[in-house]
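Here is the structure we will look at.
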Amino acid sequence: MARLEIDGVSKHYGEFYAARDVSLDVAEGEFLVLLGPSGCGKTTTLRMIAGFVEPSAGAIRIGNKDVTRLPPWKRNTGLVFQNYALFPHLTVAQNVAFGLEMRKVSKAEAASKVEDALRLVRLDHLGERLPRQLSGGQQQRVALARALVFRPDVLLLDEPLSNLDAKLRHEVRVEIRSLQQRLGITTVMVTHDQEEALTMADRLVVMNEGRVRQVGSQRDLYERPVDHFVAGFVGRSSFIRGEMHGDTLTTDGGLAIRCERQIVGKAEIALRPERVFVGATPVEGLGNSFPGEVEFVSYMGGLIDIHVRLSEHDHVIAQVPNHDGSILPSVGDRIHVGWAPTSAVFPAGDSASEG
Ligand code: ATP
């Protein structure tokens, strides 16, 4: 295990930047997840760490050693690909041994390392099978064993769970995370699956358009998003725009919303759906209550999403638990929604100034 430092790394293809000025510092034993929409530069960043893509600028250090210009096999990183990339004609054990042969490890030593790696992923009884004789989850574990067999300093996971069905994905998540913690191996994983990212990571990196938008804990990203993009990408938000005077946001649709912050100028607030309450009568005691018309209802079993239009320009989503006696409104109903001033988050980047 080792510290991984990515220092101002960019990759461009002609004029187009797939990754731009990415800087990350991953502590020894940390599990960092790169999260972002398709095409945001996650895989490019991971491949630069692995050595499969050469950075156009910047430096990558593993355990204080500059590896920026080293080929993949001289970096001591283990990469698990999305499609596992197993050799179909080689047995499980031969697949795992492959990287060791490339590194010229003796046969006897390789056999014992392969056995150890297969034991780590609980496949020691299946070493003689071919990949096609394994389930998807087992193939995924072979790929993991192959990455771990030479005890890499850094483990790199490229959407490792995306080919598994939902139930298996949940199990393998826990398995990978506990193995990673047991081995204390510095790990970077790429995913566009938010839930996966939130459940597995020590820290998360949200990327968009090649750039790092925010690095932080789950709570940092959810409760203190730095901009509109992060507030909309991590979890869901209803955005309301307007003009701040003191602690009141006067919206484009004419609502006066009490907020916690005192700022002046144009601003945007983001509201998490579970912080918005609904009622048949005005919502008392929260500080903000507005009448509105139900536009859409989504019944999800334990939770109900209610989309409410508050004015021509303003609308919010409330997510309410499905309790005994919860109201289940219909489209077109008039209801009331309310939230506390502290529930409005101001993603930075608005033009308002602290007053
Ligand atoms: P996904 O979740 O879809 O895999 P990603 O965030 O991993 O997306 P990247 O694969 O890093 O995205 O790609 C980032 C951008 O760089 C994309 O717009 C992609 O088309 C572009 N790109 C990647 N590799 C090349 C290449 N070899 N030549 C030109 N453009 C490339």
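Whatever order the structure lists ligands and atoms in, that order sets their numbers, starting from 1.
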Just by distance, with hydrogens left out, do [X] and [Y] show a side-chain donor and acceptor under 3.5 Å apart?
X      : Y      : value
His170 : Glu195 : yes
Glu268 : His228 : yes
Glu128 : Thr91  : no
Arg241 : Thr251 : no

4.0 Å heavy-atom contact, Pro37 with ligand 1: yes
query: With a 4.0 Å cut-off on heavy atoms, is Gly36 touching ligand 1?
result: no
Just to confirm my output: which protein heavy-atom neighbour is closest to [atom], and how far is it?
atom                    : value
atom 3 (O) of ligand 1  : Ser38 OG, 2.6 Å
atom 19 (C) of ligand 1 : Phe16 CE2, 4.6 Å
atom 8 (O) of ligand 1  : Gly39 N, 2.7 Å
atom 2 (O) of ligand 1  : Lys42 NZ, 2.8 Å
atom 9 (P) of ligand 1  : Thr44 OG1, 3.5 Å
atom 25 (C) of ligand 1 : Tyr13 CE1, 3.2 Å

- prompt: Does a salt bridge link Arg211 with Asp21, judged by any charged N lying under 4.0 Å from a carboxylate O?
  reply: no
query: Which ligand 1 atoms are under 4.0 Å away from a heavy-atom of Thr43?
result: 4 (O), 5 (P), 7 (O), 10 (O), 11 (O)
task: Can you sort out which atoms of ligand 1 are near Cys40, meaning under 4.0 Å from one of its heavy atoms?
output: 5 (P), 6 (O), 12 (O)
field: Ala18-ligand 1 polar pair, N/O distance under 3.5 Å
entry: no
query: side-chain hydrogen bond (donor to acceptor under 3.5 Å, both in side chains) with Arg258: which residues, sequence neighbours excluded?
result: none
- request: Assess the pair Trp73 and Phe150: is the distance between their ring centroids shorter than 6.0 Å?
  value: no
- prompt: Is the backbone N or O of Phe87 less than 3.5 Å from a side-chain atom of Asn95, with the two atoms forming a donor-acceptor pair by type?
  reply: yes
